[in-house]
Visitor: 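One structure is given below, represented as structure tokens, and several questions about it will come after.
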Amino acid sequence: MPSQSPSRAGPATTLGQKIRADIRRRLLPDEQDAAPSESNRRRTDLRLAPAALLVWAATVAGPWLTPIGLLFIWGSLAACAGVLLAMVLRRKSAGRHWRRSFLTTLTAALMLAAASTAHSAVSSAQRHDDQVAGLIAGRASVVVEAEITGSPRALKTPGPSGRDERWAVGAVARSLTSGGHVTHAQLPVVIIGGQEWQHAGTGQLLRVTGKLRPPDPGRVEAAMLTASSPPARLAPAQDWQQAPAALGKRFASASAWLAPDPKGLLPGMVTGDTGGLDEGLETAMKTVGLTHLTAVSGANCSLILGALLLAARSLRLARFPAAAVALAGLGLFVLMVGPDASVLRASLMGAIALASLAGGRAGRGLSFLCLAVIALLLVEPELGVSFGFLLSVLATLGIIVLGRCVMGWFPANAPRWAAAAVAVPLSAQVLCGPVIVVLQPQFSTYSLLANVLVAPLVAPVTILGTAAVTLLPLAPWLATFLIGAAGFFAGGVAAVARFTAGLPGAAPPWPEGVFGLLTMLLFSVVTLLSVWMAAHPARTIKLVFAAHAGTVRLLDRLPEVRLRRASPADHGRLRLCNLNSGRNHQWPLPSNDRRRPQPMRRRGETWPLRRSS
């Protein structure tokens with residue numbers, strides 16, 4: 001027996017060493033791994049993941065904690081970073097490179113998290129100022145001078161005054177006047193007003209009268225301002241800030257001759273203007289999970305960037321000049337639709353996803369994603385509590401991590417575009433599904449089908465529509481032709497949305513809360529397994545037969561169960577019925593006299609044989 005123990009422990013030890021080596025290689029790649037090879041290009045680099053997670057956690061904690069709590073967290077993170085930095089500088093041995101790499105990565109993560117915490121502490125100190133906090137808590141009526149920082153968005157729910165059409169716009173309050181006292185601040189607020197606020201533009205300095213109220217818990221805004229007067233413009237926005245809005249309105253006016261569905265859908269898919277979208281079509285797109293098409297998302301930016309890159313490469317430009325031309329075109333597109341935080345986020349995420357898929361460096365794509373998350377959260381900490389930012393990150397993560405794997409499941413003779421049309425929406429939906437059901441507890445049954453059907457239509461709408469926007473000031477007749485072509489494909493998108501939303505069981509209810517999130521996560525895993533099994537029928541059959549053979553071998557090795565005779569001590573237990581109980585099985589014959597009652601047999605008593613006369 002002692003001689004067999006090393007042989008039994010050997011495979012387990014070897015397996016543990018392989019697992020540890022694989023984790024170490026993924027988290028802490030050595031210097032010799034920097035040589036370009038196929039395995040290195042496909043290896044996932046996780047070194048920046050801890051930094052991104054720590055920065056995100058520090059950003060999320062900002063709106064919930066007081067300045068004192070954030071200051072304590074900042075000091076703890078800075079102290080830990082200092083201790084680790086001292087340990088890194090003290091280690092000089094070249095044989096422990098992976099330890100120094102791990103400590104260096106963790107030190108950088110703690111430093112970045114400390115910087116994010118300091119940013120959150122400054123914002124929290126402004127929100128918890130005594131004068132400002134008193135005005136917000138007292139729901140005071142104030143006169144505010146504010147600078148608009150976002151695009152207006154329509155609210156679907158009516159307000160307390162009964163007004164059906166309300167608009168919300170983000171702003172930074174520079175001064176608040178209440179009771180003759182002026183308070184200067186840099187306070188992020190959300191202004192809610194009537195339809196006169198739909199024309200507010202980014203960069204405008206406005207004066208408005210309204211009533212303050214506290215925001216919902218966890219919001220980055222310091223207050224909500226319900227406007228009681230129309231905005232009074234103090235300083236207009238710059239020309240470069242007004243040009244995108246004017247160009248978008250001109251494009252919407254130039255599309256007015258289209259059919260009702262394309263007329264409202266085309267501006268939304270190109271510039272993000274959903275003001276003319278039909279309510280029924282909007283509901284249908286929400287039902288089947290196509291609302292991402294009516295916003296400037298990473299998909300739009302990826303298409304623009306990919307088209308520009310393909311055009312530059314067609315002109316025989318080198319890789320770096322072509323990339324520069326494509327990035328410049330993407331920058332012009334961002335300026336055209338408006339350089340909001342959501343647009344910048346979408347452009348960055350789209351560029352990362354396209355670079356990861358087209359460049360064949362899925363592992364580096366995750367590093368780029370982590371860098372983008374860290375940079376965006378340090379510049380705009382309010383993105384940390386935004387569900388839109390979370391969904392954008394999850395969708396990009398799914399595309400760069402799962403997208404290439406899912407595309408590899410398809411046969412080699414399958415068209416590349418068909419594999420990408422299924423892999424991209426599936427990989428994005430698998431990771432975004434658990435978060436979506438938390439926001440909206442219903443299941444979009446035909447979401448994957450609708451996204452696959454509209455995938456060939458989205459590219460023509462985005463590319464032709466964007467080209468039409470740029471040509472409107474230069475060649476209106478050519479822009480009109482492009483608008484007609486893009487409107488034709490937009491009508492196809494609307495038809496797919498209405499058709500799939502009208503199918504039976506399009507939006508069944510889903511459990512709410514944590515249970516709904518966990519069940520959707522399990523459903524996502526089952527969906528991936530089903531797709532893999534459908535793409536590998538031969539291997540699936542082999543696995544089924546192997547599982548059957550393993551089950552048979554397991555059952556054969558089970559010890560035989562001996563059946564024993566039941567006893568009175570086994571009362572309340574599951575026993576096997578024994579046909580031969582040891583009692584007399586001679587039963588009396590039924591009597592012909594039905595009026596005579598039959599005697600009752602006591603326990604343990606046997607019936608005597610009845611002798612025939």
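Starting from 1, each residue takes its place in the sequence as its number. Owing to the predicted nature of the structure, the values given are computational and were not obtained by experimental measurement.
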Visitor: Pair Glu196, Trp167 - check side-chain contact (heavy atoms from CB on, under 4.5 Å), show working.
Guide: CA-CA 8 Å; Glu196 63 271 7; Trp167 293 79; over 6 Å; no
Visitor: Can you check side-chain contact (heavy atoms from CB on, under 4.5 Å) on Val55 and Val373, steps first, answer last?
Guide: CA-CA 9 Å; Val55 172; Val373 169; over 6 Å; no
Visitor: Go through the steps for Leu390 and Val435 under the test side-chain contact (heavy atoms from CB on, under 4.5 Å), then give the verdict.
Guide: CA-CA 9 Å; Leu390 177 60; Val435 180; 4.0 Å; yes
Visitor: Do any N or O atoms from the side chain of Ser427 and from the backbone of Val424 form a donor-acceptor pair under 3.5 angstrom?
Guide: yes
Visitor: Given Val270, which of Val469, Leu464, Ile483 fulfils the side-chain contact (heavy atoms from CB on, under 4.5 Å) condition?
Guide: Val469
Visitor: So, taking the atom named CG in Asp278 and the one named CE in Met285, what distance separates them when rounded to the nearest 0.5 Å?
Guide: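 Rounded to the nearest 0.5 Å, the CG-CE separation comes out at 11.5 Å.
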Visitor: Is there side-chain contact between Thr59 and Leu383, with at least one heavy-atom pair below 4.5 Å?
Guide: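 No, side chains not in contact.
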Visitor: Do Val189 and Val144 have side chains that get closer than 4.5 Å, going by heavy atoms?
Guide: no
Visitor: Measure the spacing between CD1 of Ile436 and CH2 of Trp510 and express it to the nearest 0.5 Å.
Guide: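 One gets 12.5 Å once the value is rounded to the nearest 0.5 Å.
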Visitor: For Ser175 and Thr183, indicate whether the former's side chain and the latter's backbone hold a donor-acceptor pair under 3.5 Å.
Guide: no
Visitor: Where is the tightest heavy-atom contact between Phe251 and Pro267, given as atom of each residue plus distance?
Guide: CE2-CA, 3.9 Å
Visitor: I need the Arg207 CZ to Ser229 OG distance, nearest 0.5 Å.
Guide: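 Rounded to the nearest 0.5 Å, the CZ-OG separation comes to 10.0 Å.
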Visitor: Please report the closest heavy-atom contact between Ser444 and Gly289, naming both atoms and the distance.
Guide: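 Minimum heavy-atom contact is OG-N, 4.2 Å.
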Visitor: Quick check on Leu378: does its CG atom have over 12 non-hydrogen neighbours (other residues, nucleotides or ligands) under 6.0 Å away?
Guide: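 Yes - once you tally the heavy atoms of other residues, nucleotides and ligands closer than 6.0 Å, there are more than 12.
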Visitor: Looking only at heavy atoms, what is the nearest atom pair of Leu187 and Ile136, with distance?
Guide: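 Answer, listing the atom of Leu187 first, then Ile136: CD2-CD1, 4.4 Å.
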Visitor: Determine whether Met87 and Leu84 satisfy the following criterion, side-chain contact (heavy atoms from CB on, under 4.5 Å), listing intermediate values before the conclusion.
Guide: CA-CA 5 Å; Met87 295 176 62; Leu84 290 179; 4.1 Å; yes
Visitor: Short question: side chain of Thr149, backbone of Gly170 - any donor-acceptor pair under 3.5 Å?
Guide: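 Checking the backbone N and O of Gly170 against the side chain of Thr149, a donor-acceptor pair under 3.5 Å is found.
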Visitor: With a sphere of 6.0 Å drawn around CH2 of Trp74, does it hold more than 12 non-hydrogen atoms of other residues, nucleotides or ligands?
Guide: no
Visitor: How close do Ile192 and Arg213 get, heavy atom to heavy atom, and via which atoms?
Guide: CD1-NH2, 4.0 Å
Visitor: Rounded to the nearest 0.5 Å, what separates atom CG in Leu521 from atom CG in Leu431?
Guide: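 Those atoms lie 9.0 Å apart.
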Visitor: Would you name the heavy atoms of Val172 and Gln186 that are closest together and state the gap between them?
Guide: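 Smallest heavy-atom distance, with atoms named: CG1-OE1, 3.3 Å.
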Visitor: Okay, side chain of Trp56, backbone of Gly384: is any donor-acceptor separation there less than 3.5 Å?
Guide: yes
Visitor: Side-chain contact, heavy-atom cut-off 4.5 Å: Trp197 with Arg166?
Guide: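 No, their side chains stay 4.5 Å or more apart.
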Visitor: Kindly compute the distance separating CG (Leu85) from CE (Met111), expressed to the nearest 0.5 Å.
Guide: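 Between Leu85 CG and Met111 CE, I get 4.5 Å after rounding to 0.5 Å.
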Visitor: With rounding to the nearest 0.5 angstrom, report the CZ to CG distance, Arg139 to Leu212.
Guide: 10.0 Å
Visitor: Could you report the tightest heavy-atom contact between Ser178 and Ala140, atom names first, then the distance?
Guide: OG-CB, 4.0 Å
Visitor: Give a yes or no answer on whether the side chain of Thr291 reaches the backbone of Lys286 with a donor-acceptor pair at less than 3.5 Å.
Guide: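 Judged by distance alone, no pair lies under 3.5 Å.
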